Amino acid sequence: MSGWLAGLLLQVAALAVFVCMDTLLKVLTAFYAVPQLMWARFLFSLIAVALLFRLTMGRLPWRSRAPWLQAWRSLMLAGANLMFSSALPYLPLADATAIGFASPLLTVALAAVWLRERVSPRRWAGVAIGLAGVMVALRPPFLTGAEPPHWAAVLPLGTACMFAVYQILTRKLASIDDPRTTILHTGFAGCVVTTLVQPFFWTWPPALDWPLLVLLGLFGALGHGLLVLAYARAPVSLLAPLSYTQLLWASLSGILVFGDWPDGWTLLGGLVIALGGILVALPDRKPA
């Protein structure tokens, strides 16, 4: 299996795991403050990864050649998770996911500027079309004639910006550190920050809720571990558009778990975004 194909498959698997985590988060936001859920997500993720490496390697690959980049990456992920999770009590999962699809488009642009990856005019056109789809999913009043979107719709946009930086840093660190080191550092800074704020938000969970909080961390560890491995095998500009497949899983989860059927604007926006993603994902022709 080629490196790029392996990267594509790992990316798709990571996205499916992320939807499982988002679904569980949306369920738990009815009972716990978002910062407490983020604490559980990062703490148990860090514990799971540390135990795995300790058992399989006999040591923890902490040492990084770029510790400040690792910390920045972890904080970007923590901020992205916090903003997305804060939107879930107010927005259907499919809507929040669709709006957050600005992230892979921003990632392609950042890959061109920051990582100097070549992005063809066709891929830039795909980015523009995808952003138009995000605008449709936001349901602006001038387009739909309806009321302005809920204020929480801005939160997935913030998530998109932070996650785009996170993805770029993941790709950059792939050429600096061992992927296992990056996986281990993924939740460290987020764990430290969320632990410090727990006195302001803590609610003691009943015994039956602890396995769900642990599961949040396991989903996070698995999803981001797969993501790191994917970016170590394929360029950002190729992997980022695959994020659009997440809307399918989010829509299905919203229907089955919450009874939230995506409306026409969400579906139309998702289709336009997917069209832009296809344009970005198609391989460029090699000169004869």
Side-chain angles (χ1 to χ4, degrees), residues 1-16 18 69 72-73 76-77 80 97-138 140 143 156-176 179 182 223-224 226-250 266-288:
M1 182 182 296
S2 69
W4 280 26
L5 179 57
L8 294 173
L9 294 176
L10 288 166
Q11 174 84 341
V12 171
L15 297 173
F18 288 149
L69 278 183
W72 186 14
R73 173 179 172 274
M76 288 296 101
L77 177 62
T97 301
I99 297 169
F101 277 159
S103 177
L105 304 170
L106 295 172
T107 301
V108 171
L110 285 176
V113 175
W114 191 353
L115 300 182
R116 305 293 183 183
E117 290 187 3
R118 181 182 178 275
V119 179
S120 66
R122 174 180 50 76
R123 288 185 171 179
W124 281 118
V127 169
I129 292 173
L131 287 176
V134 172
M135 286 298 299
V136 172
L138 278 171
L143 181 65
L157 285 178
T159 295
C161 295
M162 290 188 172
F163 199 69
V165 176
Y166 164 82
Q167 289 178 303
I168 291 297
L169 290 173
T170 299
R171 180 62 176 171
K172 189 173 184 65
L173 285 163
S175 62
I176 299 175
T182 299
H224 287 283
L226 293 171
L227 195 66
V228 169
L229 295 176
Y231 282 124
R233 287 163 172 78
V236 170
S237 54
L238 179 64
L239 292 177
L242 287 177
S243 297
Y244 303 127
T245 62
Q246 191 171 348
L247 181 59
L248 300 176
W249 305 117
T266 300
L267 294 176
L268 178 60
L271 288 173
V272 175
I273 292 168
L275 175 60
I278 291 172
L279 288 175
V280 174
L282 288 174
D284 293 321
R285 291 184 178 180
K286 294 182 179 179

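Remember, predicted model here, so these are calculated numbers, not experimental data. Just so you know, these numbers use all the heavy atoms, side chains as well, and skip hydrogens, waters and symmetry mates.
- Within the model, atoms CG of L226 and CG of L9 stand 11.0 Å from one another, a figure rounded to the nearest 0.5 Å.
- Here CG of L157 is found 12.5 Å from CE of M162. Values are rounded to the nearest 0.5 Å.
- Note that the OG1 atom of T182 and the CG atom of L173 stand 5.0 Å from one another [nearest 0.5 Å].
- Distance check: Y166 OH to L227 CG gives 5.0 Å after rounding to the nearest 0.5 Å.
- Distance CG/L69 to CD1/I168: 12.5 Å, rounded to 0.5 Å.
- Of all the heavy atoms in G7 and A230, the pair that sits closest is O-CB, 3.4 Å.
- Using a distance-only test at 3.5 Å, with no hydrogens or angles considered, no donor-acceptor pair links the side chain of R233 to the main chain of L8.
- Proximity of W249 to T97: side-chain heavy atoms (C-beta onward) are nowhere separated by under 4.5 Å.
- Here the CG-CG distance, from L110 to L169, works out to 9.5 Å after rounding to the nearest 0.5 Å.
- Nearest approach of G223 to A14, heavy atoms of both residues: O-CB, 3.4 Å.
- Of all the heavy atoms in L229 and P179, the pair that sits closest is CD2-CB, 4.3 Å.
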